[in-house]
Amino acid sequence: MKIEYFHASKFGNGARVAEEFKKQMTVKGVAVNVHHIRNVRPKELAPADLYVFSSPGRIGKPIGSVRRFLKKIAIAPGAKYAILTTESAPQPDKKTGKMPTEEERTKWQRVRPIMNEMLKAKGLEKVAEGHVLVTSMKGPLEEGWQKKVEDFAARISQEG
Ligand SMILES: Cc1cc2nc3c(=O)[nH]c(=O)nc-3n(C[C@H](O)[C@H](O)[C@H](O)COP(=O)(O)O)c2cc1C
């Protein structure tokens, strides 16, 4: 099994998640090539058994460069993909001090749904989806984030 992993980390959290994933998959005997999307031509992606896409969130959406990248990618329909994002941990409302409800959060936070829509429109098939929280806008990653990556890696290796 060979995995190509594409991220668009700006502050380094998503890049750390990608490296941790690579490390954990390597132990399982799976090769993972990690790329920042700025170094990749979206129409010339290397062949892979699985493509993993990772994006930081921006105002409820994937960061703009990821949206442009996903619009352009050329991957044969039927190829497998997985998503692993970094997203900000829920914060209390500045005025009321209340935490957003699950419903409010899902309405506003559309990072993964947008990525799924774009990838499914290309005919790709999802095998796993995960997210790791960052405790404030620029990080650091939440406590125990490695465990989340481990769970994600376990789901992926079941697919192989
Ligand atoms: C201007 C701005 C807007 C953001 N908006 C969101 C958002 O809507 N949803 C979210 O989950 N995270 C949001 N974040 C937090 C990012 O998810 C976080 O910065 C990112 O995951 C960190 O990953 P990186 O270090 O790989 O860049 C925002 C961050 C910035 C700077």
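Positions are given from 1 along the sequence. Please read all numbers here as calculations on a predicted model, not as lab measurements.
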Do NZ/NE/NH1/NH2 and the carboxylate oxygens of R155 and D151 come within less than 4.0 Å?
no
Return the NZ to CD1 distance between K28 and I156, rounded to the nearest 0.5 Å.
10.5 Å
If two hydrophobic side chains count as joined below 4.5 Å and joins carry through other members, does V132 share a cluster with M115?
no
For K2 against E4, the heavy-atom pair lying closest together
NZ-OE2, 2.8 Å
Using every non-hydrogen atom in the two residues, find where S88 and R105 come nearest and quote the distance to one decimal.
O-NH2, 3.5 Å
Taking all heavy atoms of I83 and all of F152, pick out the closest pair and write down the distance.
O-CE1, 3.3 Å
Quick one: closest heavy-atom pair of P90 and M99, and the distance?
O-CE, 3.3 Å
So does K61 have more than 12 non-hydrogen atoms from other groups sitting under 6.0 Å from NZ?
no
In this structure, NZ of K148 is separated from CD of E142 (nearest 0.5 Å) by 3.5 Å
To the nearest 0.5 Å, what is the distance between CG on D49 and CD1 on I3?
8.0 Å
Closest non-hydrogen contact found for S54 with T85 is OG-CA, 4.3 Å
Using 30° and 60° as the class boundaries, would you call the ring planes of F6 and H35 parallel, tilted or perpendicular?
parallel
Just wondering, do V34 and F21 contact through their side chains at under 4.5 Å, heavy atoms?
no
Check whether Y81 and I37 end up in the same hydrophobic cluster, where Ile, Leu, Val, Met, Phe, Trp and Tyr are linked by side-chain heavy atoms less than 4.5 Å apart.
yes
Determine the minimum heavy-atom distance between W145 and V17, stating which atoms define it.
CZ3-CA, 4.0 Å
Does M1 share a hydrophobic cluster with F53, counting links as ILVMFWY side-chain heavy atoms below 4.5 Å and allowing steps through other members?
no
Between the main-chain N or O of P140 and the side-chain N or O of T135, is there a donor-acceptor pair closer than 3.5 Å?
yes
Could you give the side-chain donor-acceptor pairs of residues 62-79 under 3.5 Å, partners two or more places apart or in another chain?
residue : atom : partner : partner atom : Å
R67     : NE   : P62     : O            : 2.9

So, taking the atom named CD in E125 and the one named CG in L119, what distance separates them when rounded to the nearest 0.5 Å?
12.0 Å
Give a yes or no on whether L45 and M118 share a hydrophobic cluster (residues Ile, Leu, Val, Met, Phe, Trp, Tyr; joining criterion: side-chain heavy atoms under 4.5 Å apart).
yes
Atom CD of E104 and atom NZ of K98: how far apart are they, to the nearest 0.5 Å?
8.5 Å
Flag, side chain of Q109 to backbone of K107, donor-acceptor distance under 3.5 Å
no
Would you say that E87 contacts R112 through its side chain, given a criterion of any heavy-atom pair below 4.5 Å between the two side chains?
yes
Over 12 foreign heavy atoms within 6.0 Å of NZ, K138
no
Does Y51 have any ring-ring contact (aromatic ring centres under 6.0 Å, His included) partners at least two apart in sequence or in another chain, and if so, which?
none
Hey, could you give me each pair passing side chain to side chain donor-acceptor pair (under 3.5 Å) that has a residue in residues 8-26? Not counting sequence neighbours.
E20-Q24
Would V40 and L50 show up in the same hydrophobic cluster when neighbours are defined by side-chain heavy atoms closer than 4.5 Å?
no
